[in-house]
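A quick write-up on the structure given underneath.
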Amino acid sequence: MLKIYNTLTRKTEEFQTLEPNLVKMYVCGVTVYNDAHVGHAMSALVFDIIRRYLEYRGYAVRHVMNYTDVDDKIIARANQLGEDPLKLSQRYIEDYARDLKALNVLPPTSTPQVSKTMPLIIQFIEGLIEKGHAYAAPNGDVYFSVTSDEDYGKLSGRKLEEMQAGARIEVGEAKTHPMDFALWKAAKEGEISWDSPWGRGRPGWHIECSAMNLAELGEQIDIHGGGNDLVFPHHENEIAQSECYTGKPFARYWVHNGMLQLGGEKMSKSMGNMVTIKQFLAKREADVMRMLVLNGTYRAPLTFNDETLDAAQKNVERLKSALRPAFASAGGLAPDSLSALTAAAETAKTNFIEAMDNDFNTAGAVAALFELSKSINAARDNGATGEQLKSAQETFRELAGVLGLRLEEKKGSGDADAFVNLLVEVRAEVRKQKLWALSDYIRDKLKELGVTIEDGKDGTQWRYS
RNA sequence: GGCGUCGUGGCCAAGUGGUAAGGCAAGGGUCUGCAAAACCCUCAUCACGGGUUCGAAUCCCGUCGACGCCUCCA
């Protein structure tokens, strides 16, 4: 039985879908105005892993991830570059999609954009006004009236009175209550804008997600996800809008990932302490970023530094070792050792599922993989044949795949293979003659060129590294 | 100030009432000409102080500390 921690109730609950075998999941994507960083990657990876696991458990998943392509920052950046804002955001949408692909994140089943949802957004706002939950201000703005929603604050656990005490809220002249937030913003001079019943303008940040949810998944959804920095105000406002509009409970489970920490602080564009996904991938393979996430708890802060990354990289290499072939000289495994290996594979699978069922305990799931890799490697060391390793390795690959790990050995272009083989052969001859200096020289130089040589009991194996 | 999450070995981290998974690092060993890889072995009483209980890292209260949100933010 799968259990998920629900931000709304602050409890871990049994997972039950609205419709049998179907999961409707909406995850807040990014605002597209510059390169995405590894913090965004963490969020994308968390929900990719959740999605993959749900599918593994037999659910069909409708995974919607939106792009915010109309926004103050986009407009500012576009003005700075002298570029059309929608062209700019489109550029970064394609860019982000490439980043995700490089990270082996499955493409969401749908990726709606604000700029393409305008009619429904306007209709949504009109509906809220009709129901008395919103009002148009004289300046052309439209605001949501927080006091019209008796549940307002239920997701983040805040009360209106307490929030006002913070005094960091700027009181817009047009608002009747300081916590009211914009559904529609009247266009300023020269800004991109759309026609509406309230004059030209553009949507506020929160309304887009309510509208796109409705368009893509309907009035009620199973899982709503995003970073925990979105709990307030974004998701709080989203619930308020959607539930006031439909009169129905909106999302069944609210799932939030913790923040990636760089230098003890949250990584963010505005803080400037960021590493972009591209910068990361230039140095490390995608599996390393994924392993970093898997090693932690998705809800907790994640430490991103050289030390944790080195460990993650080692972890990946270790897992890869389980998938290597049997030794050429393998004499076969004794029957009881073979059944022990089979049992280890079954245990790993059981433990893996048990861990993942417990609110996606990926650290526990990875531990199950490590245990299995140990069994597989020990079996190989003890002379298991390829045939004997096959079943356990297939289980291993299956489970690693659920986590989205590729575990691929690096491949060369293929052109060099024949030459490397020749060098290895020559080196074998050199070693026979005990010319160690020369033999080590070849090994060292190949290492520099990205080829790792390992001398085993029955010959030398090599691979790209 | 308010709301929330959390504090487990050198580091990352699982565990939610019965005497601490896993990984990295470290040390020892097997294998090897050496190296690497792999395998085996060693390595913590769970921030602090009270309380509940036969029994708590796990429940309750308090203290201290960290982080997130309260303003754009994955």
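Chain naming here is simple, since letters A, B, ... match the order of the sequence lines and numbering starts at 1 in each. Only this structure's heavy atoms are used, side chains among them; waters, hydrogens and symmetry mates stay out.
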Report the distance from atom [atom1] of [X] to atom [atom2] of [Y], rounding to the nearest 0.5 Å.
X        : Y        : atom1 : atom2 : value
A/Phe181 : A/Asn237 : CZ    : CG    : 3.5 Å
A/Glu346 : A/Leu341 : CD    : CG    : 10.5 Å
A/Thr68  : A/Asn66  : OG1   : CG    : 5.0 Å

Under 3.5 Å, is there a donor on one side chain and an acceptor on the other for [X] and [Y]?
X        : Y        : answer
A/His177 : A/Thr147 : no
A/Ser145 : A/Asp180 : no
A/Glu208 : A/Thr117 : no
A/Tyr464 : A/Asp417 : yes
A/Asp357 : A/Tyr53  : yes

[M] and [N], which share atom name [atom1], separated by this distance in whole Å:
N      : M      : atom1 : value
B/rA26 : B/rG10 : C1'   : 9 Å
B/rC46 : B/rU30 : C1'   : 34 Å
B/rG28 : B/rC43 : P     : 16 Å
B/rG15 : B/rU58 : C1'   : 8 Å
B/rC70 : B/rC11 : P     : 31 Å
B/rA47 : B/rA36 : P     : 37 Å
B/rA21 : B/rA44 : C1'   : 13 Å
B/rG18 : B/rC59 : C1'   : 14 Å

| Looking at residues 61-69 of chain A, who's got a heavy atom less than 4.0 Å off RNA chain B? |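 Correct list: empty, so none.
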Proximity to RNA chain B (any heavy atom under 4.0 Å), residues of residues 285-295 of chain A only =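 Under 4.0 Å from RNA chain B: A/Asn295.
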Which nucleotide, if any, forms a Watson-Crick or G-U wobble pair with [N], using both distances under 3.5 Å?
N      : value
B/rG1  : B/rC70
B/rA56 : none
B/rA47 : B/rU63
B/rG27 : B/rC41

Nearest-nucleotide pick for [X], side chain only, options being [options]:
X        : options                : answer
A/Asn377 : B/rA74, B/rC39, B/rA13 : B/rC39
A/Thr31  : B/rA74, B/rA38, B/rC6  : B/rA74
A/Tyr5   : B/rU5, B/rC69, B/rC72  : B/rU5
A/Glu371 : B/rG22, B/rG68, B/rA74 : B/rG22

In whole Å, what is the span from the [atom1] atom of [X] to the [atom2] atom of [N]?
X        : N      : atom1 : atom2 : value
A/Tyr298 : B/rA13 : OH    : C1'   : 16 Å
A/Leu309 : B/rC11 : CG    : P     : 17 Å
A/Lys266 : B/rU5  : NZ    : P     : 18 Å
A/Phe370 : B/rC40 : CZ    : C1'   : 18 Å
A/Lys11  : B/rU16 : NZ    : C1'   : 14 Å
A/Glu265 : B/rC69 : CD    : C1'   : 15 Å
A/Arg299 : B/rG7  : CZ    : P     : 11 Å
A/Asp306 : B/rC11 : CG    : C1'   : 13 Å

Scoring nucleotides 24-35 of chain B by protein non-hydrogen atoms under 4.0 Å (B base, S sugar-phosphate only, - none) yields SS-------BBB
Sequence neighbours excluded, which residues qualify as side chain to side chain donor-acceptor pair (under 3.5 Å) partners of A/Tyr96?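 Result, side chain to side chain donor-acceptor pair (under 3.5 Å) vs A/Tyr96: none returned.
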Under 4.0 Å, counting only non-hydrogen atoms across every strand here, what does [X] touch: a base, just sugar-phosphate, or nothing?
X        : result
A/Val30  : sugar-phosphate
A/Asn358 : sugar-phosphate
A/Gly153 : nothing
A/Leu260 : base

Looking at A/Glu216, is its backbone amide N or carbonyl O close enough to the side chain of A/Arg62 to form a donor-acceptor pair, meaning the two atoms are under 3.5 Å apart?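 Checked: pair present.
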inquiry  = On the side chain of A/Arg158, is there an atom forming a donor-acceptor pair with the base of B/rC69 - under 3.5 Å, no angle test?
reply    =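 Side chain to base: pair present.
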Option passing side chain to side chain donor-acceptor pair (under 3.5 Å) with A/Arg290 (candidates A/Asp48, A/Asn104, A/Asn295)
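Passing option: A/Asp48.
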* Asked: A/Gln313 pairs by side chain to side chain donor-acceptor pair (under 3.5 Å) with which of A/Lys283, A/Arg284, A/Glu285?
  ->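 With A/Gln313 as partner, side chain to side chain donor-acceptor pair (under 3.5 Å) holds for just one option, A/Arg284.
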Under the rule for side-chain contact (heavy atoms from CB on, under 4.5 Å), what residues qualify as partners of A/Pro108, not counting sequence neighbours?
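Residues passing side-chain contact (heavy atoms from CB on, under 4.5 Å) with A/Pro108: A/His63, A/Met65, A/Thr111.
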Q | Any A/Asn361 side-chain N or O less than 4.0 Å from OP1/OP2 of B/rA13 | A |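 Looking at the OP1 and OP2 atoms of B/rA13, neither is under 4.0 Å from any side-chain N or O of A/Asn361.
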Going by atom type alone, with no hydrogens or angles, which donor-acceptor pairs under 3.5 Å involve a side-chain atom of residues 324-338 of chain A and a protein atom two or more places apart or on another chain?
from, atom 1, to, atom 2, distance (Å)
A/Arg324, NE, A/Glu409, OE2, 3.1
A/Ser329, OG, A/Asp458, OD2, 2.0

| query | With a 4.5 Å limit on heavy-atom distance, are the side chains of A/Ile277 and A/Met289 in contact? | reply |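 Not in contact.
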Taking for each residue the nucleotide of RNA chain B with the nearest heavy atom, is it A/Thr308 or A/Ser375 whose nucleotide lies nearer the 5' end?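 With A/Thr308 and A/Ser375 compared, the 5'-side residue is A/Thr308.
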Specify the residue among A/Ser43 and A/Thr12 whose closest nucleotide of RNA chain B lies further upstream toward the 5′ end.
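Upstream on the strand: A/Thr12.
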